[in-house]
Amino acid sequence: MNANIRARRGTELAARSWGTEAALRMLQNNLDPEVAERPEDLVVYGGTAKAARDWDCFHAISRELTLLGDDETLLVQSGKPVGVLRTHEWAPRVLIANANLVPDWADWPEFRRLERLGLTMYGNMTAGSWIYIGTQGILQGTYETFAAVARKRFGGTLKGTLTVTAGLGGMGGAQPLAVTMNEGVALCVEVDPQRARRRVETRYLDEIADDLDDAVDRVLRAKAEGRPLSVGLIGNAAEVLPELLRRDVPVDVVTDQTSAHDPLAYLPKGVDLDDWADYAAKSPDEFTDRSRESMADHVEAMVGFQDRGAEVFDYGNSIRGEAKLGGCERAFDFPGFVPAYIRPLFCEGKGPFRWAALSGDPADIAKTDRAILELFPENEQLARWIRMVGERVEFQGLPARICWLGYGERHRAGLRFNEMVASGELSAPIVIGRDHLDCGSVASPHRETEAMADGSDAIADWPLLNALVNTASGATWVSLHHGGGVGIGRSIHAGQVTVADGTELAARKLERVLTNDPGMGVLRHVDAGYPEAARVAAEQGVHIPMAQH
Ligand code: NAD
């Protein structure tokens, strides 16, 4: 049965080298039922984000990866293997392009028409580029974001505050744990009870309330006692948030992680959960209108909370854009999370660095955790994260870890892991990649590049350069996508994954990729005029021909 894919473990190879074995295992891992949201449909996360176009394509990619030589490169066009070309040992073993459309054609109806014809696939960010590691992947970013909210508004902790949000899917499921890790109380609205239960099973969510009254009661008690708690409520956010506002519930922070970027993946008010898929498939235009209207009500309530003094932000799902289309005039009254909290980190080339143990052995990740603590002893926030995540987070699929590291740091971690593979301290190679939600590889005017200092929000040359740079630097696979995070027409982004197999060649590739990839973040922000980025470039010797010093 196709839905029971699980990554191979151990040191025996099905492929001809660790580079191609790694790609194979990470593709399989993306579809592991522990990792993927709907593995039977090849959907990994983010509503409809897939790892391969269909099952025939999945099997063909898997077969090619087992046959591929060290001087060959497999081309994957939106989830379908379309060619194997002769290259060389420094070239990526796989090059991936997902969901790209010529700008004038780049909207959801056209994308869906092409998808129905079997010509394309939505890969979101790490689904179609085979480096999704389950909800932990987003936990660090979400933890950092809520920590930044706490620093900005609440004296460094969320203790005694109530955060209201919605969506407990693959990414959104990280929110309750990120809030409680920051000592706060979270009320998370989710229409699908199965999704909410899954978060309880994986210990991301503490409990599920019986109804709205019960939920409000539980969260207000915890807030009053200064006790961290996360409560799930089964309901539609477009109904629950206006009701919370009407009742004047004292909410301190409001955000959202429903799949609003895709109107067909947001359930409108008045539509039954069981009718969702059928209705969206049969009448996509009518469904889109209704979901946008509901998002308008949802966002109207978010603006209402902001008017009452709450900290409100868009968490990168395009809900403001969709609500505006649905008639909410004030949708952009609150900011996106990147300009509000994350951009200073991007200026240092920081972003979600992640790695997975191809052995499948959790002990390998424990050893890499220790290596990170030894490498960066001065970084207390990083140390707190590594300790906490080690205690609280269950692995999904292959054991993996994420932490935010910047320019000058990532390559040191990569080289260290490679040495640990070479010495036998780790039982098998490690794959090192990142999310596309990163400093120098995304153009996304409603998210990563919102409100850039020089107005360059929509300039998409940067992710293209990023993919080319990683290809030229020795990454094992490189991907270039359209539409991730915020939907078709709204973003262009690139990813890389590089394998630490313990060889000298891998060390040379890792040193270049893990320097140049975050280096793109530094130089992109220098170019946009950020003094913090110029300082990092000057201190670390990033050569920028026309930088003003
Ligand atoms: P997902 O599809 O796995 O989960 C979305 C959840 O929202 C589902 O469980 C769904 O049942 C629920 N939902 C839909 N309509 C609802 C409604 N009206 N009321 C309540 N719940 C509703 O998606 P995901 O992977 O969790 O991603 C969520 C969104 O966050 C996406 O738009 C994604 O692009 C975005 N995202 C943001 C970041 C970031 O860092 N800020 C990162 C990744 C993804």
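Heavy-atom basis, side chains included; hydrogens, waters and symmetry copies ignored. Note that ligands are numbered from 1 as they come in the structure, with each ligand's atoms numbered from 1 the same way. Because the structure is predicted, anything quoted here is derived from the model rather than measured.
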**Request:** Can you spot which of His298, Glu322, Arg290 makes a side chain to side chain donor-acceptor pair (under 3.5 Å) with Tyr266?
**Result:** His298
**Prompt:** Applying a 4.0 Å heavy-atom criterion (strictly less than), which segment of Ile138 is in contact with ligand 1: side chain, backbone, both, or neither?
**Reply:** side chain
**Message:** Taking distance alone, with N or O pairs closer than 3.5 Å, would you say Gly170 contacts ligand 1?
**Reply:** yes
**Prompt:** Do we see a donor-acceptor contact under 3.5 Å between the side chains of Ser456 and Arg524?
**Reply:** yes
**Message:** Any nitrogen or oxygen of Tyr45, side chain or backbone, less than 3.5 Å from one on ligand 1?
**Reply:** no
**Fill in**
Honestly, for Leu437 the part within reach of ligand 1 (heavy atoms, under 4.0 Å) is side chain
**Request:** Look at Asp217 together with Lys223 and state whether they make a salt bridge at an N to O cut-off of under 4.0 Å.
**Result:** no
**Request:** Consider only side-chain N and O atoms of Glu183 and Thr157, and report whether a donor and an acceptor are under 3.5 Å apart.
**Result:** yes
**Message:** Is it the case that ligand 1 has an N or O less than 3.5 angstrom from some N or O of Gly173?
**Reply:** no
**Check: Arg490/Ser444 side-chain N/O donor and acceptor closer than 3.5 Å** = no
**Prompt:** So does Arg199 pair up with Glu394, basic N to acidic O under 4.0 Å?
**Reply:** no
**Message:** Just to be sure I read this right, does ligand 1 sit under 4.0 Å from the backbone of Arg195, its side chain, both, or neither, counting only heavy atoms?
**Reply:** side chain
**Item:** Selected option - heavy-atom contact closest to atom 1 (P) of ligand 1, from Ala166, Ser259, Ala237, Gly483
**Value:** Ser259
**Message:** With a heavy-atom distance limit of 4.0 Å, tell me whether Arg447 approaches ligand 1 through its side chain, its backbone, both, or neither.
**Reply:** side chain
**Request:** Using a 4.0 Å heavy-atom threshold (strictly under), name the region of Phe313 that reaches ligand 1: side chain, backbone, both or neither.
**Result:** neither
**Message:** Check this for me, if you would: do Asp248 and Arg308 make a salt bridge, where the nitrogen-to-carboxylate-oxygen distance has to be below 4.0 angstrom?
**Reply:** yes
**Asked** How does Ala265 reach ligand 1, by side chain, by backbone, by both or by neither, if only non-hydrogen atoms under 4.0 Å count?
**Response** backbone
**Prompt:** Thinking salt bridges, do Arg292 and Asp289 make one under a 4.0 Å N-O criterion?
**Reply:** no
**Asked** Between Thr145, Leu168, Asn236, Val44, which one has a non-hydrogen atom sitting closest to atom 18 (N) of ligand 1?
**Response** Asn236
**Item:** Any N/O pair Gly485/ligand 1 closer than 3.5 Å
**Value:** yes
**Message:** Counting only heavy atoms, tell me which of Glu190, His436, Glu144, Glu239 gets closest to atom 9 (O) of ligand 1.
**Reply:** Glu190
**Asked** When the ring centroid of His446 is compared with that of Phe332, is the distance short of 6.0 Å?
**Response** yes
**Closest to atom 31 (C) of ligand 1 (judged by heavy-atom distance), picking from His261, Glu322, Gln175, Met125** = His261
**Asked** Does Gly235 come within less than 4.0 Å of ligand 1, judged by its heavy atoms?
**Response** yes
